Amino acid sequence: MFELPSRDSSAKPEYGTRVGMAFQGPRPASMSPVAAAASAPALLCGLVAADALMVVGTGLAAEGIAARLLRAAPADPALFTDAVHAFAGVFNAAVGPLAVLSLMCFYSAGCYRNLRPKAVRRTIGSHAGPLFGAWTAAFLVLVLMLGVTGDLRRLDTAAAGTLWLWYGLGLFGLTALRGLFLRLARDWNLAGGLRQRTLLVGTNDLAFEWLDRLQRAEGAGYQVIGAVSTAADRPTSMNAPPLATARLAGVPVLGSVTGLVEQVRKNRIDLVVVALPWSAEAEITDILERLRVLAVDVRLLPHRLIARTAGLSVDATAGIPLLGVIHHPLAGWRGVLKRSEDLLIGGAALAALAPLLLLAAAAIKLESPGPVLFRQKRFGFNNEEFEIWKFRTMHTDRGDQSGAQRTVRNDPRVTRVGRILRRTSIDELPQLFNVLRGDMSIVGPRPHPVAMKAGDVLYHEAVENYACRHRVRPGITGWAQVNGLRGEIDNLHTAARRVEHDLYYVDNWSLGLDAEIMVRTALLLFWDRNAY
């Protein structure tokens, strides 16, 4: 399947030449292995300490700003003194609990799991959602605690305003701190500081395939120093050179497994990846016995079938390990939290927007004959069909009940009122009833008509893993929509990208991610060019 190329200096390098790659050779002179091994923990400890200091510092800044504003205001000096003293008392009582609460919420939201090279390459926007949700949750818990202890009653309007100023400054300061951290982490990653020095055991097709995928992921946190061969390896080509002088996908083969322990010590290896078929039980057992005496992490590459499954986990039942390959994305309390979010936000939104819904219904009825609501069958949770509700935006005699005909820009079937409703997304508001009924969520992959097409092929037949997006309830807005993938789907590439974003949401759901999507959706209502 794959061929082991010979060490030919005239040949073009295969892998390891891209910027940021580190498949072979020593680290930069400025980054020793010992220093590199301590880089990730040092960054993490520094970030935790900086977060705690930011919470304290923004509280002091809020107190100082409020004091200056109150001093400048033409008011009774006694009122100024009382307000400052009231907030100072609350601050002294709250700063410690808020710092601890914040760090706990940041940890729970995954804000400290972003040291992986793939994560630090993301933009600040992808980190802001969990941070916003965690900081807001910590602050609301603090306010609740102050209410229970009675400290909140001691605050007048000025002191209470200072408390919320603390929240705003904290959110800004923590977000800015994340931006600086990401910049530092990216630079450190490019210098090899966040990469594990890795030795590969195996020179077979499985090893080659892993290195190939590693190259596509720009290293993905591994600096592969070399590979060693085993008795279970078989040459992938009759013309392959001796393994002692071969290079596997740009990585030098350092010898056989007999010198494994020596290579781990000599190259100060952090991680050993065993790329052997699981049928080679004797060889794998021998390798694990050799490595058991060393302070090194060991990982087994899974079978190709298992490797295609995301979200692997290991559980033990009666002392026997079970490999989990497919998981319910909203099982247990996650499902309870998601449904609670839908009911609270959906109910509040419906109550607040009731006058707007009545106004839109009246405008539709006055402009053209026909029903106010448009009902259509769409794919929902577990790929079951449900009836979605929307405001009717097209002439009754020109609408497409099946959804096979795509809506295009300046579509002649859309009424004048319908054009306004679609441009402002008001036509989607009746789906709040779908949310309360349990057919939909506020946030989730958008539900598609059962006859919707991508190009000239049915959407659910054209895109691989399309049905996997229905493992959660569909939503009024979603991750794909806030990332520029709203509107007409006229080709398979765009269709695949939308499904890719939907699957990312399913696999990475959190309350923070939902909050980020809702905020970005609200901002897009004013300038989304893909709404028509």
Side-chain angles (χ1 to χ4, degrees), residues 1-9 11 13-17 21-29 31-38 192 195-215 219-303 307:
M1 180 177 178
F2 296 104
E3 181 175 337
L4 291 174
S6 62
R7 180 178 296 182
D8 184 358
S9 60
E14 296 176 82
Y15 296 120
T17 58
M21 292 300 297
F23 275 161
Q24 58 175 320
R27 295 180 180 270
M31 184 66 65
S32 68
V34 175
R195 299 181 187 274
Q196 290 182 289
R197 293 174 64 84
T198 303
L199 182 66
L200 184 62
V201 178
T203 55
N204 48 45
D205 290 351
L206 186 61
F208 197 110
E209 185 175 342
W210 184 71
L211 290 172
D212 178 62
R213 297 187 66 174
L214 203 61
Q215 186 268 345
Y222 303 98
Q223 183 192 23
V224 183
I225 303 302
V228 296
S229 62
T230 72
D233 293 316
R234 288 176 174 81
T236 55
S237 171
M238 295 299 294
N239 298 321
L243 287 175
T245 60
R247 297 176 67 85
L248 183 70
V251 171
V253 177
L254 304 177
S256 69
V257 73
T258 55
L260 176 60
V261 173
E262 179 187 354
Q263 292 294 343
V264 171
R265 289 172 173 161
K266 175 183 175 182
N267 293 287
R268 297 186 180 182
I269 297 299
D270 303 314
L271 173 68
V272 176
V273 175
V274 181
L276 296 179
W278 286 9
S279 58
E281 181 178 353
E283 289 81 359
I284 293 176
T285 301
D286 176 65
I287 291 168
L288 296 181
E289 287 297 325
R290 292 171 183 266
L291 296 174
R292 198 179 300 276
V293 299
L294 300 176
V296 64
D297 291 332
V298 182
R299 301 287 184 268
L300 297 179
L301 273 183
H303 188 277

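Keep in mind that what you see is a predicted model, and the values were worked out from it rather than measured.
The NZ atom of K266 sits 11.5 Å away from atom CG of L199, with the distance rounded to the nearest 0.5 Å. One distance of note links OG1 of T230 with CG of L260; it measures 10.5 Å at 0.5 Å rounding.
With sequence neighbours left out, Q263 forms a side-chain hydrogen bond (donor to acceptor under 3.5 Å, both in side chains) with N267. A search for side chain to side chain contact (heavy atoms under 4.5 Å, CB included) contacts involving L294 returns V261, V264, R265, L291, V296, not counting sequence neighbours. Residues that satisfy the side chain to side chain contact (heavy atoms under 4.5 Å, CB included) test with S256, not counting sequence neighbours, are S229, T258. Judged as a side chain to side chain contact (heavy atoms under 4.5 Å, CB included), and not counting sequence neighbours, the contacts of V273 are T198, L200, W210, L271, L301. Partners of D286 by salt bridge (Lys or Arg N to Asp or Glu O under 4.0 Å), not counting sequence neighbours, listed by chain and number: R290.
With hydrogens and angles disregarded, no donor-acceptor distance shorter than 3.5 Å links the side chain of N204 to the backbone of L276.
Here the shortest heavy-atom pairing between A227 and G202 reads CB-O, 4.2 Å. I225 and P252 get closest at one heavy-atom pair: O-CG, 3.6 Å.
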